Asker: 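First the structure, which I've put down as structure tokens, then a few questions once you've had a look.
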Amino acid sequence: ASLHLTIRGSAQQAQDLQLWYQQPAEKWMTQALPLGNGYLGAMFFGGIDKERIQFTEGSLWAGGKGAHPEYNFGIRENAAKVLPTIRALLAEGKYKEAHQLANKELTGQIHQTKGKTPAIDFGAQQTMGDLMVTVSRKGEVADYSRSLDLATATGSVRYKVGKDQYTRSYFGNYPSKVMVYHYTCTSPQTYTIAFQTPHVKDHEAFENQVYRFGGHLQNNGQAFETAYQIRTDGKLSFKDGSLSVADAHYMTIAHTAATEYRLQFPDYKGHDYQKDNQMTMAGIRNKDFKKLQKEALTDYQSLFDRVQFSLSNGPQSNALPTDQRLAAHYQGTVDLGLERLYFQYGRYLMISGSRPGAISMNLQGKWNDSTDPPWAADFHANINLQMIYWPAEITNLSECHIPYLDLTQSIVEPGRLTAKHFFGTKGWVVNTMLNAYGFTSPGWEFPWGFFPGGAGWMSRHLWEHYAFTKDKEFLQKKAYPILKEASLFWMDYLTKDAQGYLISSPSYSPEHGGISMGATMDHQIAWDLLSNTYKATQILNTDAAFAAQIKEVKDRIQPNQIGSWGQLQEWKEDKDDSTSRHRHVSHLYGLYPGYQISPNSSPDLAQAAKVTLNARGDEGTGWSLAWKINFWSRLLDGDRAYQLFHNLLKPVDQAGVNMSNGGGSYANLLCAHPPFQLDGNMGATAGIAEMLLQSHNEVIHLLPALPSAWPDGEMKGLKARGNVTVDQKWEDGQLVQVRLVAQETGTYTIQYKALVKEIRLTKNKAITLGKEL
Ligand SMILES: C[C@@H]1O[C@@H](O)[C@@H](O)[C@H](O)[C@@H]1O
């Protein structure tokens, strides 16, 4: 049959990859637009007479030793001594007593930091401040637009005053480590630029067109500096901290910032931030705006353009401003372009927020305007942080995974202390959340702070990075040692129960149901971790005795169970409440991101997972909706996965916390938990990829969960495990063409619907197949 897909022109496609609005932003969380260069995260408002560019550098963190002399990573010496008592109480069904003892001993130590924000030495990520830029004008404004172009990672503001055309172009430049804000007007204008910060000023200077502001956090004394270079054809002057540029047709600000932070236990400081900024400013001395723009674009597109997603035969016009578009879509207007845009937005945010050499993204990525953000904008490890990095490998952005993998490596040392003191084990562990200062202890209240599954879950990404890149040196040198130690924790912590199974006790299924004996998620994480570590021993042909031990332990872990109402049991005990709508569906970890449960390999458990998901419903917080997109994709139900995606695109304006069914999207398409959390954006981008390509069971599964809402389309450049790049085209809901390129010669198994076939791929030699495969 002839192929006649009406794929839209690339120009039209690029146009479609824009968020745009007809008015400046007033609210940071719901309307301002995000930019980044991997290190810095900025949000611009697009104000006409006064522009606000809020920004921070990810390593600007309150808390730690500097906040309280007794800060000790939360460690409570030898707390593990209570474990046998707690286990006995649980075995006797004395949950209340067990909880009380656990709340006394199995909670991280924190210290109040009097008169300081945040109030405890766990600390919080901090805004660095705001660049306030005033722009002169005489007359009424017309044709105002504010936009963010994902194809070029460029923020723009345009408006007219009489005959004058005003423009602004903003972008992050990772190679030169600067943010660039470029202003033009067809007639000479006057600008002022001032830096405002909630933190303590130490020094301020303006030399050689470079402004530098050095300061420190009142909370812990952490030092930082921001610097910006001004280029203009106008007259530049500096007075009382404010820069003025007069009679200028253009003005360019090249902006950077750095802190003294170093991702190194136990002190986490020592970085020569002033030298860093000097080097950055010197490095761009001979790069004019055009050069900085070209360099940034080449770098960005070398990552972004790896994946192209098009949906055809359906309305997708970008004629409506994005906030109105979102509302119309939720009301039922078909808008395939918005869905494509949302997918690529996740990839844009990943590239803008996470590049090698920078600190990992946190709960809000790199975007935070507060000194006391919700949940400290920390590294939340019981779903959020991991979800934020789910798209990294499958959407072909492996490099962006590195800051997270570096963070994981950095917490092994403090994690060993936590394993020893709180759990009495070898190896390393982290719990519900981390700060930037090695806090791997349980949180300061039981049960929400207790989650021994944190390390196993975090380190699964090390295995995934190997599985997608096949980088054996990475596996040997970086991943395996960390996986091995995380496994040692579980091999010590799992205890034999009355039935002879190995269970996690005490345990806590994240944020649901109190202290327990045998939370299913812990068992699935331990099984997953031991399985991956075992595979690594086979690939590296190392540690044969240890590998045998792993196998022995793994096979004795409490298996998944189907409960009285056909549900997958969240705990060893069959006590799931069928009316619960809880946001965490932790016991489906084995379905996604794990591979223990799947319709192919365990149909009964997959069916039980469906029963659980139907009971939990299709609502939730932002991240909960995103997780469910991935669950239903793994259950091969594309229409249901699409339904959850549709629910995530519900317009929301609430900035305050809502822990149940308030999830959706803000006008700037950032995810609403509420409040803003980046996890939903990333979880959904990964979920859309998971609808179209899966490879978690060593089978490259083509279009496993294609929704009927997308009858015709194309997805190029997604990655399958085994380091295979996959391009797919489909028409009328049917695969019509697949192109595969492997980075390693070998035999691969591919599946399309019921058809499963082995094919031989030669390194870097593409093969294209029709639907007959
Ligand atoms: C940051 C917080 O992380 C966990 O505690 C979740 O249960 C909450 O919903 C929130 O996302």
Side-chain angles (χ1 to χ4, degrees), residues 29 61 63 107-108 110 118 120 122-125 360-368 370 372-390 404 407 430-436 439-454 457-458 507-514 519 521-522 525 570 580-589 593 616-617 619-631 644 647-648 652 654-666 670-684 686:
M29 187 180 292
W61 258 88
T107 45
I110 46 157
I120 54 170
F122 176 87
Q125 205 277 324
S360 170
M361 290 196 281
N362 60 48
L363 207 48
Q364 297 177 200
K366 288 282 165 68
W367 298 280
N368 166 28
S370 170
D372 200 9
W375 290 282
D378 66 22
F379 306 104
H380 238 69
N382 68 356
I383 176 65
N384 319 83
L385 182 61
Q386 294 91 338
M387 181 181 282
I388 284 171
Y389 279 94
W390 283 349
Y404 170 92
L407 176 74
V430 301
N431 287 265
T432 303
M433 77 285 166
L434 317 160
N435 64 5
F439 188 106
T440 57
S441 299
W444 41 97
E445 266 169 51
F446 198 97
W448 63 256
F450 188 81
F451 178 55
W457 192 347
M458 286 191 70
S507 63
Y508 173 58
S509 194
E511 317 206 19
H512 192 217
M521 182 183 227
D522 283 4
I525 288 175
E570 181 160 0
S580 167
R581 297 278 178 274
H582 201 272
R583 60 191 183 286
H584 284 267
V585 200
S586 305
H587 51 310
L588 270 54
Y589 171 96
R616 288 293 171 97
E619 298 191 324
T621 56
W623 62 259
S624 182
L625 295 168
W627 200 356
K628 291 166 184 167
I629 298 173
N630 288 280
F631 286 145
L644 269 300
N647 294 354
L648 183 61
V652 170
Q654 182 196 352
V657 174
N658 175 332
M659 297 303 276
S660 62
N661 296 340
S665 298
Y666 293 124
L670 289 177
C671 175
H673 170 280
F676 158 52
Q677 279 176 210
L678 195 72
D679 39 31
N681 285 96
M682 301 309 206

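Because only heavy atoms are used, hydrogens play no part in the values below, and waters and symmetry mates are left out as well, while side chains stay in. Please read these numbers as outputs of a predicted model, since none were measured by experiment. Numbering of ligands and ligand atoms starts at 1, following listing order.
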Asker: Any donor and acceptor pair, going by atom type alone, linking the side chain of Q654 with main-chain N or O of G656 inside 3.5 Å?
Answerer: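 Side chain of Q654 to backbone of G656, a donor-acceptor pair under 3.5 Å: yes, one is there.
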
Asker: Kindly write out the residues that satisfy side-chain hydrogen bond (donor to acceptor under 3.5 Å, both in side chains) with H582, not counting sequence neighbours, or none if the list is empty.
Answerer: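 Testing H582 for side-chain hydrogen bond (donor to acceptor under 3.5 Å, both in side chains), a comparison that skips the adjacent residues, returns none.
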
Asker: Search all heavy atoms of G443 against all heavy atoms of M433 and return the closest pair with its distance.
Answerer: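 Heavy-atom minimum between the residues: CA-CE, 3.8 Å.
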
Asker: Is there a side-chain contact between Q364 and P373 in this structure, where contact means two heavy atoms from C-beta onward sitting under 4.5 Å apart?
Answerer: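 Side chain of Q364 against side chain of P373, heavy atoms only: contact under 4.5 Å found.
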
Asker: Would you say W390 and W627 make side-chain contact, with heavy atoms under 4.5 Å?
Answerer: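 The answer is yes; the side chains approach within 4.5 Å.
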
Asker: Show me the short polar-atom pairs for ligand 1: any N or O of it lying under 3.5 Å from a protein N or O, with distances only.
Answerer:
| unit_1 | atom_1 | unit_2 | atom_2 | d |
| --- | --- | --- | --- | --- |
| ligand 1 | 3 (O) | H380 | NE2 | 3.4 |
| ligand 1 | 3 (O) | N384 | OD1 | 3.2 |
| ligand 1 | 5 (O) | E511 | OE1 | 3.0 |
| ligand 1 | 5 (O) | E511 | OE2 | 2.3 |
| ligand 1 | 7 (O) | E511 | OE1 | 3.0 |
| ligand 1 | 7 (O) | E511 | OE2 | 3.2 |
| ligand 1 | 7 (O) | R583 | NE | 3.0 |
| ligand 1 | 7 (O) | R583 | NH2 | 3.1 |
| ligand 1 | 7 (O) | H584 | NE2 | 2.6 |
| ligand 1 | 9 (O) | R583 | NE | 2.9 |
| ligand 1 | 9 (O) | W623 | NE1 | 3.2 |
| ligand 1 | 9 (O) | H673 | NE2 | 2.6 |
| ligand 1 | 11 (O) | N384 | ND2 | 3.0 |
| ligand 1 | 11 (O) | W623 | NE1 | 3.0 |
| ligand 1 | 11 (O) | H673 | NE2 | 3.3 |
| ligand 1 | 11 (O) | Q677 | OE1 | 3.2 |
| ligand 1 | 11 (O) | Q677 | NE2 | 3.1 |

Asker: Less than 3.5 Å apart, any donor N or O on the side chain of E619 or N647 sitting next to an acceptor on the other?
Answerer: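 N647 and E619 do not have a side-chain donor-acceptor pair below 3.5 Å.
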
